[in-house]
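The block underneath contains the structure these notes are about, expressed in C-alpha cells.
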Amino acid sequence: MDNSRKNLLFIINNLTCGGAEKALVSLLQTIDYSRFNVDLYLFKQTGVFMNQVPKEVVLLPEPENYKYFDMSIKTAIIDNLKKGKFNVVWNRILAGFVFKSEKIKAVAEQKAWKYLGRTMRPIQKEYDVAIGFLEKTPNYFCVEKVTAKKKIGFIMNDYNKLKMDKTIDDYYFKKLDFIALDSDGSKQVMIETFPHFKDKFKVIKSIISATTIHKLAQEQVNDLPEGFKLISVGRLTHQKGFDLALEAVKKVFDKGIKFQWIIIGDGEEKKALIDKAIEYGISDNIHFLGIKENHYPYLMQSDIFLHTSRFEGFGIVVHEAKILAKPILLTDFNVARIHVEHEKSGLIAELNSDSIAENLERLIIDADLRKQFSEVLSQQNFGTENEIAHFYKLLEDESKQ
C-alpha cells in the first residue's frame, strides 16, 4: 500500500437502488486512486450497484450482527439463542420495541442505533478521513465506531421532511468535522435547523457523468412495451409520490388517452400500487419492471419522464432525464425548480393528482411542446464531473479541525 496516499473510508447501508447509493458509486468511479486508498464498509453487501464498485476499492467484511436487525425479531432471537449471543438477543428485543412503539420511521431508525451499535465492533484501522454517506446509521457508525483524523457526514435528503429527531443528530453533528449536503436548498434547511453548526455545512453535489449516461443509454433492452411511453424511476415509497401519479394516470386514461407507463424501482408500496392499478382497471398499461442496474436505455426510449416526489434532497434521476433531453413533468417539490424552468424546459404540476393529470394530458397531446423541451435541454451541459474538485477540497479543509 502506498503510504503517500490518504486513507479514506466510506460507510453506507448497502448499494441497493437509490439516489445516495448511486451518488456514492459515481463518486467512487471518479476518485483519483493515485492519491487515495479507499475502503468501503457496507452493513449489507447487497444491491444492484455492487458490481459497479471500482476494483481499486477495498470492500471490508460486513458486520456480523447487523443482519439480525434487518430480519424478523423471532428469527433473530432464535438464531442468537442457539449461538449463545445473549447481548445480541437483548439489544434486538430493545430495538424491536423501538420500531414497534415509534410511529415515525426515521426516528425509530435513529433511536434503534443505540441498540444496534452495541452489537457492532469498531473498525480497527485508522483513517485520514471517514465518511458516513447517508443520514442516520452510517453517520452514527462513523462517529462511534471509526478512528479517523477527520469525519464527514452526508445528508442526502430534505432533513426536515424526514421528520427526524434533531436532538439525537445534534449530538452526532458535534462530533463530525463537516456535514455535506447535495444541494444549496438542503444546506439552507440545515442552517435554519442547526444554526450553531452553519460553518460545518458544505454543498457537495452528486457527480453525474453525461458521457457515461449517454453511453449506457445505448444498451439494447427487450422488455419495453410498444407505443407511447411514460416512465418513472425511483423507490416505491410515500416520499416519491407514486400514489399521486397513479391517480393522475387513471384520470388521463379515463379521457381516452392511452399510453404505457414504465415504472422502474421497488419498495414498500409496490403491492398497494399494483392492487390499485388493478382496481382502476389500468394494470395492462402499467409495467412494474423492478430495479434495473442500467435504467438509462428505458429512460432514453421513453417519451416523457414523470417524477411526482413529495420532497427530494437533489433528485439525481431528474438530472439524468435532463442529460438525455427527455420532456419532463415534475411535481412542485422542494427542489423541482432548480431542475426545470416551468414552460421552458419542462412542466411543474402542483402536488395533487388533478394538476398532475392536467399537465400530463397536455404533454402527451402536444408533440411540439415535447420537442421544445427536448431541444432546450439538449443545448445544455448537465454533467457534474468537475464536482470532484469540491470533494477533494473538503478532504483537505482544516477549518473545523
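Just so you know, these numbers use all the heavy atoms, side chains as well, and skip hydrogens, waters and symmetry mates.
For the residue pair Tyr68 / Asn91, no side-chain donor-acceptor distance below 3.5 Å is found, with atom types taken as modelled. Glu320 and His295 share a side-chain donor-acceptor pair at under 3.5 Å. No hydrogens or angles considered: nothing links the side chains of Gln110 and Asp165 as a donor-acceptor pair under 3.5 Å. Looking at Tyr140 and Asp169, their side chains do bring a donor and an acceptor atom within 3.5 Å of each other. A donor atom on one side chain and an acceptor atom on the other are not found under 3.5 Å apart for His342 and Asp332.
Under a 3.5 Å cut-off, the side chain of Ser353 and the backbone N or O of Leu244 do not form any donor-acceptor pair. At least one donor-acceptor pair closer than 3.5 Å links the side chain of Lys326 to the backbone N or O of Ser302. Side-chain atoms of His319 do not come within 3.5 Å of backbone N or O of Ser206 as any donor-acceptor pair. At distances below 3.5 Å, not a single donor-acceptor pair connects side-chain atoms of His287 with backbone N or O atoms of Leu224. Without hydrogens or angle criteria, Glu219 side chain to Asn294 main chain gives no donor-acceptor distance under 3.5 Å. Checking side-chain atoms of Lys200 against main-chain N and O of Leu176 turns up a donor-acceptor pair under 3.5 Å. Between the side chain of Lys145 and the backbone N or O of Gly117 there is at least one donor-acceptor pair closer than 3.5 Å. Between the Asn80 side chain and the Ala76 main chain, a donor and an acceptor come within less than 3.5 Å of each other. A donor-acceptor contact shorter than 3.5 Å links the side chain of Asn139 to the backbone of Phe154. Under a 3.5 Å cut-off, the side chain of Asp39 and the backbone N or O of Leu9 do not form any donor-acceptor pair.
The minimum heavy-atom distance between Val189 and Thr193, with the atom names listed, is O-OG1, 2.7 Å.
Ring-plane geometry between His307 and Phe305 is classed as parallel, the angle between the planes falling under 30 degrees on a 0 to 90 degree scale with a further cut at 60. In this pair, Trp113 and Phe141 present their aromatic rings perpendicular. The plane angle is above 60°, beyond the 30 to 60° band.
Other residues, nucleotides and ligands contribute more than 12 heavy atoms inside 6.0 Å of the NZ atom of Lys83. Counting non-hydrogen atoms of neighbouring residues, nucleotides and ligands closer than 6.0 angstrom, the NE2 atom of His390 reaches no more than 12 such neighbours. Within 6.0 Å of NZ in Lys105 there are 12 or fewer heavy atoms belonging to other residues, nucleotides or ligands. Atom CZ of Phe99 has more than 12 neighbouring heavy atoms from other residues, nucleotides or ligands inside a 6.0 Å radius. Summarising the local packing, CG of Asp32 is surrounded by more than 12 heavy atoms from other residues, nucleotides or ligands at distances under 6.0 Å.
For the atom pair CD (Glu312) and CG (Leu330), the distance works out to 9.5 Å, reported to the nearest 0.5 Å. The distance from atom CG of Leu289 to atom CD1 of Ile263, rounded to the nearest 0.5 Å, is 8.5 Å. Between Asn87 atom CG and Arg118 atom CZ the span is 8.5 Å, to the nearest 0.5 Å. Interatomic distance, CZ of Arg92 versus CD1 of Ile73, reported as 4.5 Å (0.5 Å rounding).
In this structure, Phe194 has its ring center closer than 6.0 angstrom to the ring center of Phe173.
Residues that satisfy the side-chain contact (heavy atoms from CB on, under 4.5 Å) test with Gln45, not counting sequence neighbours, are Leu42, Met50, Leu59, Glu62. Partners of Glu64 by side chain to side chain donor-acceptor pair (under 3.5 Å), not counting sequence neighbours, listed by chain and number: Lys85. Residues satisfying the side-chain contact (heavy atoms from CB on, under 4.5 Å) test with Glu293, not counting sequence neighbours, are Val48, Asn51, Gln52. Ala245 pairs by the side-chain contact (heavy atoms from CB on, under 4.5 Å) definition with Trp261, Leu306, Thr308, not counting sequence neighbours. Every residue two or more places apart in sequence or in another chain that forms a side-chain contact (heavy atoms from CB on, under 4.5 Å) with Asp303 is listed here: Phe228, Lys229.
Applying the side chain to side chain donor-acceptor pair (under 3.5 Å) definition to pairs two or more places apart or across chains, none involves residues 367-382.
The pair Asp170-Lys175 does not meet the salt-bridge criterion, since no charged nitrogen lies less than 4.0 angstrom from a carboxylate oxygen. Residues Lys114 and Glu144 are not paired through a salt bridge, judged by the lack of any N-O separation under 4.0 Å between the basic side chain and the carboxylate. Using a 4.0 Å cut-off between charged nitrogen and carboxylate oxygen, Lys205 and Glu387 do not count as a salt-bridge pair. Remark: Asp266 does not engage Arg235 in a salt bridge, criterion side-chain N to carboxylate O under 4.0 Å. We find that Lys198 and Glu192 are not joined by a salt bridge, their nearest charged nitrogen and carboxylate oxygen being 4.0 Å or further apart.
Geometric assessment of Arg35 against the ring of Tyr392 yields a positive cation-pi assignment under the 6.0 Å and 45° thresholds.
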List the steps and the verdict of salt bridge (Lys or Arg N to Asp or Glu O under 4.0 Å) for Lys292 and Asp223.
CA-CA 11 Å; Lys292 297 291 183 181; Asp223 54 347; 2.9 Å; yes
Tell me, with the steps shown, if His339 and Phe314 meet ring pair (Phe, Tyr, Trp, His ring centres under 6.0 Å).
CA-CA 9 Å; His339 287 294; Phe314 172 67; 4.9 Å; yes
Walk me through whether Lys44 and Asp70 qualify under salt bridge (Lys or Arg N to Asp or Glu O under 4.0 Å).
CA-CA 9 Å; Lys44 290 185 68 176; Asp70 197 40; 2.9 Å; yes
Kindly determine whether Ser355 and Glu350 satisfy side-chain hydrogen bond (donor to acceptor under 3.5 Å, both in side chains), including the steps that lead there.
CA-CA 5 Å; Ser355 182; Glu350 296 175 16; 4.8 Å; no
